[in-house]
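Read the structure below first, then the notes.
Position 1 is the first residue of the sequence; numbering continues from there.
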Amino acid sequence: MGKGVKAVWIAALAGSAILPGVALAQIADPKPGQGAPPPAAAPAPTPTPTPTQQEPTPTPTQQEEPIVSDEAFEAGLPKLSDDINAPLEPMEGFQQQPGQPQTVPPKTVPPTPQTVQPIPGTEQTPGTEQVDEGFAPPPPESPEFAQPLPPLSTFKLETVTIEGVDDEKLGQIRYTTAVEGLDKIGLDDEFRGLSALEDGDGKAANAAMVAARAREDEQLAVRLMHSLGYYDGTAVSTIEQNPRNSGNVRATIAATPGPLYRIGSVRIVSGPTVPAGLIDRELNLNPGDPIEAARIQAAEANVKLRLPQQGYPFIDVGDRDILLDERTHFGDYTLPIELGPRARFGEIVTQGRRPVFEVDHLNVFRRYEPGELYDSRMVDDLRDALIATSLFSTVSVEPVKTGKTNPDGTEVVNLLVRQNAGRPRTLAGELGYSTGQGIRLEASWTHRNFFPPEGALIASGVLGTQEQGISGTFRRSNAGQRDRTFQASASINHQDYAAYESYTGSLSARWSRDSTPIWQKRWTYYYGGELVGSNEDRWNYETNERDRGTWLIAALPSFVGYDTSDDLLNPTRGFRIKANVSPETSVRGAARPYARLMLEGTAYYPATRDIVIAGRVRVGSIPGIARNDLPPSRRYYAGGGGSVRGFGYQELGPRAPDDRPVGGRALNEFALEARYRFGNFGIVPFIDAGQVYEGIYPTAQDLRFGVGIGGRFYTNFGPVRVDVATPLNRRPNESRVALYISIGQAF
C-alpha cells in the first residue's frame, strides 16, 4: 500500500507543472544495505481527486517524513542569470550537473482505459505506437511570396480632373506671416530669407501644413539666435484665424533672444610657434567678444589660411569646445591645433601617367627659391601658372615631407606636381558685325604643345565682307622665364575699306608679357620687329586723283600697360593705362622715318551694386612725316565699335575730294558708359566723342559726338555686346544708325 501511495503521488507530480531542468528523484523502497533513497524534487500541489477515486490515508510515518528536503530542492534548481531582462535559456541548455543523482522515470498508475471512437482515416496499424499528433503541417509557400516587392516607380497614378474645378485652389488656404523679437538683434531679414512660411508665398493646402511650416520656423529662429550668441533664445509659433471665421490664418513667430553670451577665456592647445604668439594673432578672438558663429568660424579659417603662409604647411585645426556658464553668460573657448613641422621649400618632384613637363621646365614657373620659408601663396601661384598653360586634364601641387632637417630646425618640404596631359588642340571662332566693316568671321586652329615644351603652332584666317587673310604663328610660352612669350608670325591680308584698299604681307617677331583670363597681370609689355610690304591706293593730292603704290615698312613696335582692374573682359573697378611707341620707316622711292605714338587710359567705378560708370580717353600722334607720304594703312582713323560709336568704321576725320576718308596724323577719342546689370543681362547707355586731324597735335577742335544704347548678355567667357548708336549733327554721307556686335565690353 505504501508503494501504491507513492506511485500515485509521483504520477500526480508528473502531470503537474514542473520547473524546467528539475529532475524527479528516484523513489523506491531501499534495497537491503542501502540508506534512504536520494531526495526527490519538490512536489507540486496535490491535485484534487476525482469522486470515483479515494485517497489512501497515509500512515503517521509517512506524514512525518518529508519527500524532498529543502537543501535538495535548492540544489536541484538550475542556475539562473541575475539579469531579469535576459532572455530565457533553452531547455536543451540545461544539463545535469556532475554529482547529481540520476533521474529514474517514476512509476505511474496506468490510467483507466477509455473507449475512443477513431476518426475515419486515422486508424493505426496494429503493433504500431500511438503518436500524439498536433496541427496538420502547413501547405507549401507560394513562389510569389519569394519575389521582391515591385518598386514604387512602377505604379502609375492617373490624375483625376473635375470639370469646372481648379485643382490648385481646391482646399487651399491663405495665411500671413508675422515675426516678433528678431528685429531687435538684426535677424529679421535673414530669417525671412530662410523662412519656410515666407517660402510658401502665403498659400498652403490646409492648416496642418501651415503649422508644420511654423514649427520649422521655430527651429530656424532658435538656430539664428544661437548663431549670434543668444543661446537661451526661445521661439514660439501661434496660428489663429485673421479675421475670425474668415478662413484665412495668421502665423506668428515670437522670438525671445534672452541674454547675449560672450567669450570668457580663450585657450589654444598647441605647440610653440615661431614667432611666438602666431596663432593668437591670427585667431584674434578676445575675452568679451560675442560668441558669434560666423566670427568664430572666420577666425579659425584665418588660422588655417595664414599659418601655411608663414611656414606651417601641415597645420590641422581640431574641433573647438565652448563651455557655457548659464549664470554668468560667459563661455570658455578651447581650440586644439596640431601644428606639424615648420618647413622650408625643397625641390619640385612630379608624377603622372601622361606628364606634360619635365622638372626643369616646372622650375621655370616657380616664384620662390629653394630654402625659402614655406608659403602656401607660392604654391597656389605655381598651380595657377600651370593651369594657365591649358595643357593639363588634371594638375595639382601639394607639399610632401622629406624627413630632412635644416640647420635652423625647419623641415625640408618638396612640392609634388601630379600632372596628366589634356588635349593640346583647339578650334576657335569669333563672329562679329559692325557698320563700316560688315560681317567678320575669324577662326583659328591651335596645337599648344607642337614643339615641347609649350611651343604652339597656330593657323588662323579672317573672312569678312571687307577683310580676308590668313596667318601662321609660332609661339613659345614661358620661354626661359616665367610669363615671357616669344612669337613669330607671317600673314597675308586684303582689306577694302572706305579709306583705302590694300594687299599686305608681313613678317614679325616679338617678346611679350601678356594677360590671360586666368592670369591677369598688373604690368604687361611687348617689343619686337616688323617688316611689311603693302600695295595700297590713296588720294594723291599732287595729281589730284587716286592712285596705287607699294610701300616697304620696317617698324620696331613696343607697348607697356598697367592694369589695376578686377577683370580682363568685364571690369567693374580699377583703371588701365596703355602706351604704344613704334619707330618706323616707310620706303617708297625714299626712306622716310617717323614714329607712331598712342596713349590710352580707362577707368571703372562701381556707382552702385548694379551700375558701373566706365570712361575712356585716347590720344595719338605721328610726328616726323607728312600725311601724304604715310602709307594709308599706317595713318590714324576714328569711328566704329572700338572707337567713336555712331559712325562707320574709319568714317571720322578729313575727307578726300571723292568724299572718302584720308586719315590723319593725330586723333583723340572720349567715351562714357553707365553699365547697368541685372542677372545675366545688362543695359548700357553711352556717349562717345572724337576726331582725326591732319596735323600732329590732337587739338580737340570739331569734336563729333555719337550717342546710343547697348545690350549685354553675360556668359562665363565674357559679355556678348550689341550696341546701337547714331551721330549727333549728322553730316551728308554719314550713317544714320550704326550697329556693333562683338564679344567683350567696348573698352
Side-chain angles (χ1 to χ4, degrees), residues 177-199 213-238 251-271 273 275-310 312 315-340 376-377 380 606 608-609:
T177 304
V179 183
E180 300 175 357
L182 292 181
D183 55 338
K184 300 177 182 179
I185 56 177
L187 286 175
D188 189 76
D189 292 339
E190 186 175 357
F191 173 84
R192 291 184 181 275
L194 301 172
S195 167
L197 288 169
E198 294 286 352
D199 189 55
R213 294 174 182 173
R215 287 193 298 270
E216 185 175 343
D217 280 358
E218 287 180 9
Q219 300 175 8
L220 171 64
V222 172
R223 290 197 304 269
L224 290 177
M225 288 186 288
H226 286 183
S227 70
L228 292 186
Y230 296 92
Y231 290 97
D232 292 339
T234 59
V236 179
S237 63
T238 57
T252 303
I253 307 297
T256 305
L260 176 64
Y261 280 75
R262 298 180 180 275
I263 297 177
S265 63
V266 177
R267 179 170 173 260
I268 299 174
V269 181
S270 73
T273 61
L278 181 61
I279 299 178
D280 294 311
R281 184 174 71 242
E282 302 301 344
L283 185 65
N284 195 24
L285 290 178
N286 303 299
D289 292 343
I291 307 179
E292 297 181 13
R295 174 177 170 78
I296 291 176
Q297 290 173 353
E300 294 171 358
N302 191 62
V303 172
K304 295 180 182 179
L305 173 68
R306 292 286 296 156
L307 263 70
Q309 296 176 359
Q310 302 176 66
Y312 292 93
I315 181 175
D316 182 18
V317 177
D319 296 331
R320 79 188 72 88
D321 179 67
I322 302 178
L323 182 61
L324 300 178
D325 190 332
E326 297 179 353
R327 295 178 295 101
T328 62
H329 304 126
F330 279 91
D332 294 334
Y333 174 87
T334 303
L335 181 66
I337 295 179
E338 291 289 339
L339 281 175
S376 61
R377 290 169 292 187
D380 296 339
T608 67
R609 186 180 64 178

Note, I296 side chain near E300 side chain (heavy atom, < 4.5 Å): yes

Check H226 against G233 and note the closest heavy-atom contact, atom names and distance. NE2-O, 4.4 Å

Taking all heavy atoms of D332 and all of S265, pick out the closest pair and write down the distance. OD1-OG, 3.1 Å

I need the I337 CD1 to R320 CZ distance, nearest 0.5 Å. 11.5 Å

So, applying side chain to side chain contact (heavy atoms under 4.5 Å, CB included) with I268, which one of L285, T334, L283 is it? L283

Does S195 use its side chain to pair, donor to acceptor, with the backbone of R192 at less than 3.5 Å? no

Determine whether V222 and Y230 satisfy the following criterion, side-chain contact (heavy atoms from CB on, under 4.5 Å), listing intermediate values before the conclusion. CA-CA 9 Å; V222 172; Y230 296 92; over 6 Å; no

So how far is it from L197 CG to T177 OG1, rounded to the nearest 0.5 Å? 4.5 Å

Flag side-chain contact, heavy atom, 4.5 Å: Y312 against T273: yes

Any chance CG of N286 has more than 12 other-residue heavy atoms, nucleotides or ligands included, within less than 6.0 Å? yes

In short, P259 meets D232 closest at the heavy-atom pair CG-OD2, 3.7 Å

Quick one: CG on L187 to OG on S227, what's the gap to the nearest 0.5 Å? 6.0 Å

Please tell me if the side chains of T234 and M225 come closer than 4.5 Å, counting only heavy atoms from C-beta onward. no

Begin from the C-alpha positions of I291 and Y231 and carry the test side-chain contact (heavy atoms from CB on, under 4.5 Å) through to its verdict. CA-CA 9 Å; I291 307 179; Y231 290 97; 3.5 Å; yes

How about D325 and Y261: does a side-chain donor come under 3.5 Å of a side-chain acceptor? no

Of all heavy-atom pairs between P308 and I315, which one has the smallest distance, and what is that distance? CG-CG2, 3.8 Å

So, E338 side chain and D316 main chain: donor-acceptor pair closer than 3.5 Å or not? no

At what distance, to the nearest 0.5 angstrom, does CD of E216 lie from CG of D199? 9.0 Å

Strictly below 4.0 Å, N to O, side chains only: are R295 and D289 in salt-bridge contact? yes

Smallest heavy-atom separation, P257 atom then G181 atom, equals CG-O, 4.0 Å

From CA spacing to verdict: side-chain contact (heavy atoms from CB on, under 4.5 Å), L260, R262: CA-CA 7 Å; L260 176 64; R262 298 180 180 275; 3.6 Å; yes

Would you give the length of the straight line joining atom CG of D183 to atom CG of D189, rounded to the nearest 0.5 angstrom? 9.5 Å

Rounded to the nearest 0.5 angstrom, the CZ-CZ distance for R306 and R377 is 6.0 Å

Is any side-chain heavy atom of N284 closer than 4.5 Å to one of N302? no

Are any non-hydrogen side-chain atoms of I279 and S270 less than 4.5 angstrom apart? yes

When every non-hydrogen atom of A221 is compared with those of I253, the smallest separation belongs to CB-CG2, 4.4 Å

Please tell me if the side chains of T252 and E180 come closer than 4.5 Å, counting only heavy atoms from C-beta onward. yes

Can you tell me if E282 and Q310 form a side-chain donor-acceptor pair at under 3.5 Å? yes

Output yes when R213 and D217 qualify as a salt bridge under the 4.0 Å nitrogen-oxygen rule, no when they do not. no

Can you confirm whether R267 sits close enough to L335 that some side-chain heavy atom of one is under 4.5 Å from a side-chain heavy atom of the other? no

Check whether any side-chain heavy atom of I263 lies under 4.5 Å from a side-chain heavy atom of F330, and answer yes or no. no

